[in-house]
Asks: 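The structure's right below; bear with me while I get my questions together.
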Protein chains: 2
Amino acid sequence: MPESAPPRRVTAADIARTVGVSRATVGFVLNNTPGQTISEGTRARVMEAAARLGYRPNKAATALAGGRSRIVLLMLPDWPADFSVRTYLEEASRALDEAGYSLVTQTHSAARVARPLWEALNPDVVIGWARFDDDDVASMRAAGITRIVPRPDVQVPLDEAPGVAEGARLQVDHLCDLGHRRLAFAAAADPRIGDLVQARASAAERQAGVRGVDLVDVRAVAHADGSAAEAVRDWRAAGVTGVVAYNDDVAAAVVGAAVRAGLRVPGDLAVIGHDDSPLAALFVPSLSSVRMDAVQAGRFLAELALREAEDRPISPMRYEPETHLVVRESTAGETDVGIL
Amino acid sequence: MPESAPPRRVTAADIARTVGVSRATVGFVLNNTPGQTISEGTRARVMEAAARLGYRPNKAATALAGGRSRIVLLMLPDWPADFSVRTYLEEASRALDEAGYSLVTQTHSAARVARPLWEALNPDVVIGWARFDDDDVASMRAAGITRIVPRPDVQVPLDEAPGVAEGARLQVDHLCDLGHRRLAFAAAADPRIGDLVQARASAAERQAGVRGVDLVDVRAVAHADGSAAEAVRDWRAAGVTGVVAYNDDVAAAVVGAAVRAGLRVPGDLAVIGHDDSPLAALFVPSLSSVRMDAVQAGRFLAELALREAEDRPISPMRYEPETHLVVRESTAGETDVGIL
DNA sequence: ATCGGCGACTAGCGCGCGCTAGCTACCACC
DNA sequence: GGTGGTAGCTAGCGCGCGCTAGTCGCCGAT
């Protein structure tokens with residue numbers, strides 16, 4: 001092989017040279033720059049050369065010159081990295097892609113690194129599911145990031161977040177419709193998602209009030225530390241027959257504790273989860289849950305990011321995702337599951 | 001507020017101006033450029049000014065000038081986005097961070113977008129768990145990415161991948177030690193991870209041979225389509241008492257099917273999973289599994305990426321992660337779980 | 001007294017791109 | 001014939017940084 005030099009990347013200058021035209025013209029053609037008139041012939045020749053040479057604009061140079069990276073960074077909480085999130089991300093990614101943006105996702109790790117991703121990527125927008133804490137906001141500001149969602153300066157009550165009220169309503173209504181009169185809410189212990197948990201719990205309490213049933217206890221529950229077992233004991237003693245869980249993981253912990261305590265599910269205790277994770281279908285008994293339309297949510301996220309990136313107003317946006325109940329054995333099973 | 005102009009980002013030139021020194025000097029100080037002698041006083045003044053002004057180098061400019069983005073892109077398969085992966089990623093991320101690199105992770109979505117992430121990010125290295133297909137490799141090459149792991153030009157037999165043989169060995173040995181003489185392997189149906197599934201199955205067959213027990217069937221199994229139920233029926237008929245599952249999800253599907261078929265687990269059928277996902281502990285009965293040391297694996301990934309990025313040889317690297325058994329109810333439970 | 005060497009620094013190019021400020025040729029119109 | 005307008009193009013700056021090729025002054029050795 002006579003040619004062993006590293007094949008230099010094709011640049012716009014290369015195209016200009018082969019076509020016999022200036023670099024500016026190449027730029028105008030490839031970017032369809034408005035306000036520039038290019039003859040049909042030149043345009044075609046440039047396009048052809050670009051395709052033939054396999055030209056790819058250097059993103060670093062584009063970002064430097066344009067001052068925008070066209071990257072959207074989504075920070076995900078590190079706990080619920082499950083379920084329909086995949087669909088959600090895929091849809092958001094595609095919608096952004098169509099608009100010329102790229103979505104980069106990172107799960108927000110507790111172990112802070114020296115160089116957070118927003119510093120390395122120079123994203124145009126950083127989006128989170130929950131509000132960023134002050135340290136993060138300061139770090140982003142220092143990194144020159146001005147577009148942050150949710151806006152750090154705006155306080156949005158989290159129980160008004162899309163879908164929260166509706167999901168809790170479906171959970172509570174389902175249990176009520178099955179005749180349960182005394183309910184409990186099983187929260188997640190993880191402090192990182194504390195406010196979302198709180199929001200769902202409040203919404204459930206509100207809906208219980210609407211339906212005129214008692215929601216006698218809200219309590220954090222975990223599988224590992226025995227708190228689930230304890231909760232089940234207490235709830236039984238208090239006459240609770242239906243449990244609204246923050247999500248499917250928590251629901252599984254409650255069901256597991258109940259079964260191990262010799263109870264029948266759903267005969268003695270009915271439990272409903274949230275998110276319709278794969279676990280919900282897999283579990284024995286399978287878990288009733290609530291599913292939100294991930295495709296819609298993904299598009300919503302993309303739209304939010306785009307508006308922010310392009311400095312268009314986001315205030316008139318209102319969004320209520322389609323939410324529906326998925327009934328399975330843990331609330332409506334005909335055969336109880338328990339220990340033999 | 002008199003000042004409403006967007007606060008321009010601080011550049012190295014700003015530092016140079018305030019300190020009264022040239023831009024080059026600033027660069028030398030901040031990068032600790034070898035071969036440059038800078039007086040202690042100047043160095044201190046530059047550092048101080050940088051800190052005071054909150055200077056952050058523009059990554060786009062750095063990437064453009066240096067020709068390297070210091071980004072490592074990790075493409076994850078989109079199926080097993082679960083379990084210890086988080087620890088793994090966190091550790092890899094930290095190790096890379098220490099070396100001045102950033103790890104960006106993307107789950108490899110089936111729905112191809114117009115602009116794959118490696119095109120938008122200009123990563124120095126792209127790493128995948130499995131080999132990339134030819135389209136992807138071509139796309140990366142076109143995007144100017146030369147460092148791809150696993151190397152597209154090198155064929156590595158997947159059953160030699162780190163940990164595969166050892167994990168299967170632990171699974172089979174455990175069931176053998178409990179007295180099971182006829183085993184089956186429950187594979188995952190997902191074609192995207194076909195070769196990894198195949199590798200684990202082969203390793204299990206080999207180990208069964210070593211132990212002199214029969215592994216009578218290898219079959220893809222899923223919860224949704226009834227294939228798990230069918231498999232359990234067939235296995236029972238064939239006298240199988242122990243099942244080695246590809247991972248915990250598959251194990252859960254098998255256990256679920258067994259319980260629903262009126263079998264006792266582990267009394268009639270013992271099942272062991274792989275990966276020690278959260279599901280394994282949560283499930284009822286809880287699932288025995290195999291855990292690989294995610295921290296080690298993460299460091300290994302980081303080291304691999306760094307060597308590739310810095311064009312250091314990777315051939316002498318050999319790595320066998322610590323792997324150990326997690327015994328739970330699905331193989332060694334004292335009380336069987338079943339339908340009441 | 002001269003020269004080489006070295007410590008401490010600076011001028012300025014190049015990375016690849018977007019884009020402004022032109023410039024030229026051509027045509028329509030008075 | 002002059003004037004204005006426009007289609008179609010180009011020269012070249014600026015983005016912020018890394019880094020090479022110097023420059024300058026001082027000190028020790030000849």
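Below, chain A is the first sequence line, B the second, and so on; all start at residue 1.
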Asks: Side chains of A:Val149 and A:Leu304, heavy atoms from C-beta outward: is any pair under 4.5 Å?
Replies: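 They are in contact (side-chain heavy atoms under 4.5 Å apart), so the answer is yes.
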Asks: Are side-chain heavy atoms of A:Arg141 and A:Pro152 found at a separation under 4.5 Å?
Replies: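 In contact.
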Asks: Would you mind telling me which residue lines up with the more 5' stretch of DNA chain C, A:Phe28 or A:Thr11, judged by nearest nucleotide?
Replies: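 Residue closer to the 5' terminus by nearest nucleotide: A:Thr11.
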Asks: Considering only heavy atoms from C-beta outward, does the side chain of B:Ile127 approach that of B:Leu73 to under 4.5 Å?
Replies: no
Asks: At the 4.0 Å heavy-atom cut-off to chain B, mark where contacts on DNA chain C begin and end, going 5' to 3'.
Replies: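 That gives a stretch of C:dG7 to C:dG16.
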Asks: Cut-off 3.5 Å, no hydrogens considered: what does the side-chain donor-acceptor table look like for residues 16-29 of chain B, sequence neighbours left out?
Replies:
residue, atom, partner, partner atom, Å
B:Arg17, NH1, B:Asp14, OD1, 3.1
B:Thr18, OG1, B:Asp14, O, 3.4
B:Thr18, OG1, B:Ile15, O, 3.0
B:Ser22, OG, B:Ala24, N, 3.4
B:Ser22, OG, B:Thr25, N, 3.3
B:Ser22, OG, B:Thr25, OG1, 3.1

Asks: Looking at residues 60-71 of chain A, who's got a heavy atom less than 4.0 Å off DNA chain D?
Replies: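 The stretch gives A:Leu64, A:Ala65 as the residues lying under 4.0 Å from the strand, ordered by number.
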Asks: Taking side-chain hydrogen bond (donor to acceptor under 3.5 Å, both in side chains) as the test, write out the residues that go with B:Glu322, two or more places apart.
Replies: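 So B:Glu322 forms a side-chain hydrogen bond (donor to acceptor under 3.5 Å, both in side chains) with B:Gln296.
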Asks: Between A:Arg299 and A:Tyr88, is a side chain to side chain donor-acceptor pair (under 3.5 Å) present by the stated rule, with each step listed?
Replies: CA-CA 8 Å; A:Arg299 295 216 184 107; A:Tyr88 169 76; over 6 Å; no
Asks: Do B:Val10 and B:Arg56 have side-chain heavy atoms sitting under 4.5 Å apart?
Replies: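 No, side chains not in contact.
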Asks: Scan residues 30-38 of chain A against DNA chain D and write down, sorted by residue number, each residue with any heavy atom closer than 4.0 Å; if none is found, say none.
Replies: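 Of all residues in residues 30-38 of chain A, the ones placing a heavy atom under 4.0 Å from DNA chain D are A:Gln36, A:Thr37, A:Ile38.
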Asks: Using the C1' atoms of five pairs at each end, what's the angle between the two axes of the helix from C:dA1-D:dT30 to C:dC30-D:dG1, to 10 degrees?
Replies: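 It works out to 70° between the end axes.
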Asks: List every contact pair, protein side and nucleotides 23-29 of chain D side both N or O, where the distance is under 3.5 Å.
Replies:
none

Asks: Specify the residues of residues 19-27 of chain B, ordered by number, for which at least one heavy atom lies under 4.0 angstrom from an atom of DNA chain C.
Replies: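 When residues 19-27 of chain B is checked for heavy atoms under 4.0 Å from DNA chain C, the hits, listed by number, are B:Val21, B:Ser22, B:Ala24, B:Thr25.
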Asks: Please list residues of residues 39-57 of chain B whose heavy atoms come under 4.0 Å from any atom in DNA chain C, ordered by number; otherwise none.
Replies: B:Ser39, B:Thr42
Asks: Taking only residues two or more places apart in sequence, or in another chain, which ones meet A:Ser139 in a side-chain hydrogen bond (donor to acceptor under 3.5 Å, both in side chains)?
Replies: A:Trp118
Asks: According to salt bridge (charged side-chain N to carboxylate O under 4.0 Å, His left out), who are the partners of B:Asp134, at least two apart in sequence or on a separate chain?
Replies: none
Asks: Which residue pairs pass the salt bridge (Lys or Arg N to Asp or Glu O under 4.0 Å) test when at least one of the two sits in residues 27-41 of chain B, sequence neighbours left out?
Replies: none
